[in-house]
Amino acid sequence: AVVTDDEIVDVDDNFMDPQLCATMACDIYKHLRASEAKKRPSTDFMERVQKDINSSMRAILIDWLVEVAEEYRLVPDTMYLAVNYIDRYLSGNTMDRQRLQLLGVACMMIAAKYEEICAPQVEEFCYITDNTYFKEEVLQMESAVLNYLKFEMTAPTAKCFLRRFVRAAQGVNEV
Ligand SMILES: *[C@@H]1O[C@H](CO)[C@@H](O)[C@H](O)[C@H]1NC(C)=O
């Protein structure tokens with residue numbers, strides 16, 4: 001069957017539910033798309049910037065962070081945001097393998113403060129690393145990440161676009 005224009009459903013036609021922001025949704029997503037280009041990590045930082053770590057180590061870190069997120073019942077947005085911070089930081093700073101996990105918990109902590117109603121305390125982030133790092137180290141890393149990212153912590157993630165795509169695809173379950 002040929003898809004004609006009139007078969008395309010307008011996803012912004014629900015004016016009854018104020019949560020859907022029907023009149024603004026399109027502009028909001030245009031802004032997010034533009035903002036994504038500015039808050040995006042480089043695609044080749046592993047080859048270009050990093051010397052001690054590689055993509056397998058990053059993958060192991062992220063798998064572990066998924067477990068941390070489950071343990072503390074964090075929302076998926078926190079997880080996606082933490083990965084955005086990690087990759088943006090790694091795009092401009094070399095990191096050794098001993099401190100990669102420290103970067104991971106520090107970014108998770110920042111993302112949790114941004115996204116969660118009740119974020120876990122710094123002590124809990126130390127505990128989850130089996131107290132590999134001291135509280136002061138986590139706070140120092142947190143400060144290094146915040147400064148490097150110039151406190152620009154609002155970043156659209158894949159999750160945020162996925163919500164809209166699922167709606168456009170008329171998925172039944174909102175993500
Ligand atoms: C990353 O480094 C580790 C340890 O040197 C090695 O076992 C692993 O195969 C490397 N992974 C990649 C993708 O190069």
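Taking 4.5 Å as the limit, every side-chain heavy atom of L81 sits out of range of all side-chain heavy atoms of K159. The shortest side-chain heavy-atom distance between S35 and T154 does not fall under the 4.5 Å cut-off. Side-chain atoms of V145 and Y148, non-hydrogen and from C-beta on, never get closer than 4.5 Å to each other. L139 is not listed as a side-chain neighbour of F125, based on a closest heavy-atom distance of 4.5 Å or more. Side-chain contact between L90 and I53: present, with at least one pair of heavy atoms (C-beta onward) separated by less than 4.5 Å. In this structure, M109 and Q121 have side chains that are not in contact, with every pair of non-hydrogen atoms separated by 4.5 Å or more. Looking at R164 and L32, their side chains never come closer than 4.5 Å, going by heavy atoms from C-beta outward. A 4.5 Å side-chain heavy-atom check between M141 and L103 finds at least one atom pair inside the cut-off.
The backbone N or O of K30 sits nowhere less than 3.5 Å from a side-chain atom of D27 that would complete a donor-acceptor pair. Put simply, the side chain of T78 never gets that close to the backbone of E115: no donor and acceptor are under 3.5 Å apart.
Nearest approach of A112 to P120, heavy atoms of both residues: CB-CD, 4.0 Å. In terms of heavy atoms, Q101 sits closest to Y133 at CB-OH, 3.3 Å. Residues D17 and N14 share a closest heavy-atom pair of N-OD1, 3.1 Å. Counting all heavy atoms, side chain and backbone alike, P41 lies closest to N84 at CD-ND2, 4.5 Å. Counting all heavy atoms, side chain and backbone alike, R40 lies closest to R33 at NH1-NH1, 4.2 Å. Between E142 and A106, the shortest heavy-atom contact is N-CB, 3.9 Å.
Taking 4.0 Å as the cut-off between side-chain N and carboxylate O, D12 and R167 do not count as a salt-bridged pair.
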Practice item. Determine, stepwise, if the pair E36 / F161 fulfils side chain to side chain contact (heavy atoms under 4.5 Å, CB included). Key: CA-CA 10 Å; E36 184 190 37; F161 294 103; 3.7 Å; yes

Exercise for review: Under the side chain to side chain contact (heavy atoms under 4.5 Å, CB included) rule, what do T132 and E137 come out as? Steps first, then yes or no, please.
Suggested key: CA-CA 10 Å; T132 307; E137 289 178 291; over 6 Å; no

Practice item. Tell me, with the steps shown, if E152 and K38 meet side chain to side chain contact (heavy atoms under 4.5 Å, CB included). Key: CA-CA 10 Å; E152 289 172 7; K38 291 180 209 143; over 6 Å; no

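With sequence neighbours excluded, the residues forming a salt bridge (charged side-chain N to carboxylate O under 4.0 Å, His left out) with E123 are K135, listed by chain and number. Partners of R58 according to the salt bridge (charged side-chain N to carboxylate O under 4.0 Å, His left out) rule, which considers only residues two or more places apart in sequence or in another chain, are D87. Under the rule for a salt bridge (charged side-chain N to carboxylate O under 4.0 Å, His left out), the partners of R97 that lie at least two apart in sequence or sit in another chain are D52.
None of L100, D96, L102 except one satisfies the side-chain contact (heavy atoms from CB on, under 4.5 Å) rule with Q98; the exception is D96.
Connection of V68 to V66 is established within a shared hydrophobic cluster, with ILVMFWY side chains joined at heavy-atom distances below 4.5 Å, either directly or through further cluster members. No chain of hydrophobic side-chain contacts below 4.5 Å, direct or via other Ile, Leu, Val, Met, Phe, Trp or Tyr residues, connects I60 to Y85. In the hydrophobic clustering of this structure, M108 groups with Y127; members are Ile, Leu, Val, Met, Phe, Trp, Tyr whose side-chain heavy atoms approach within less than 4.5 Å, directly or through other members. Cluster annotation: V75 and I86 are assigned to distinct hydrophobic clusters (Ile/Leu/Val/Met/Phe/Trp/Tyr, side-chain heavy-atom contacts under 4.5 Å, transitive). In the hydrophobic clustering of this structure, V49 groups with M46; members are Ile, Leu, Val, Met, Phe, Trp, Tyr whose side-chain heavy atoms approach within less than 4.5 Å, directly or through other members.
Atom CG in N93 sits 8.0 Å away from atom CD in Q50 (nearest 0.5 Å). Separation of atoms CE (M16) and CD (Q19) is listed at 14.5 Å; rounding is to 0.5 Å. From D77, atom CG reaches atom CD of E116 across 8.5 Å, with rounding to the nearest 0.5 Å. Interatomic distance, SG of C160 versus CZ of F165, reported as 9.0 Å (0.5 Å rounding). From K113, atom NZ reaches atom CG of L146 across 7.5 Å, with rounding to the nearest 0.5 Å. A distance of 5.0 Å separates CZ in F151 from CG in N147, rounded to the nearest 0.5 Å.
For R73, the CZ atom sits in a loose shell: 12 or fewer heavy atoms of surrounding residues, nucleotides or ligands are nearer than 6.0 Å.
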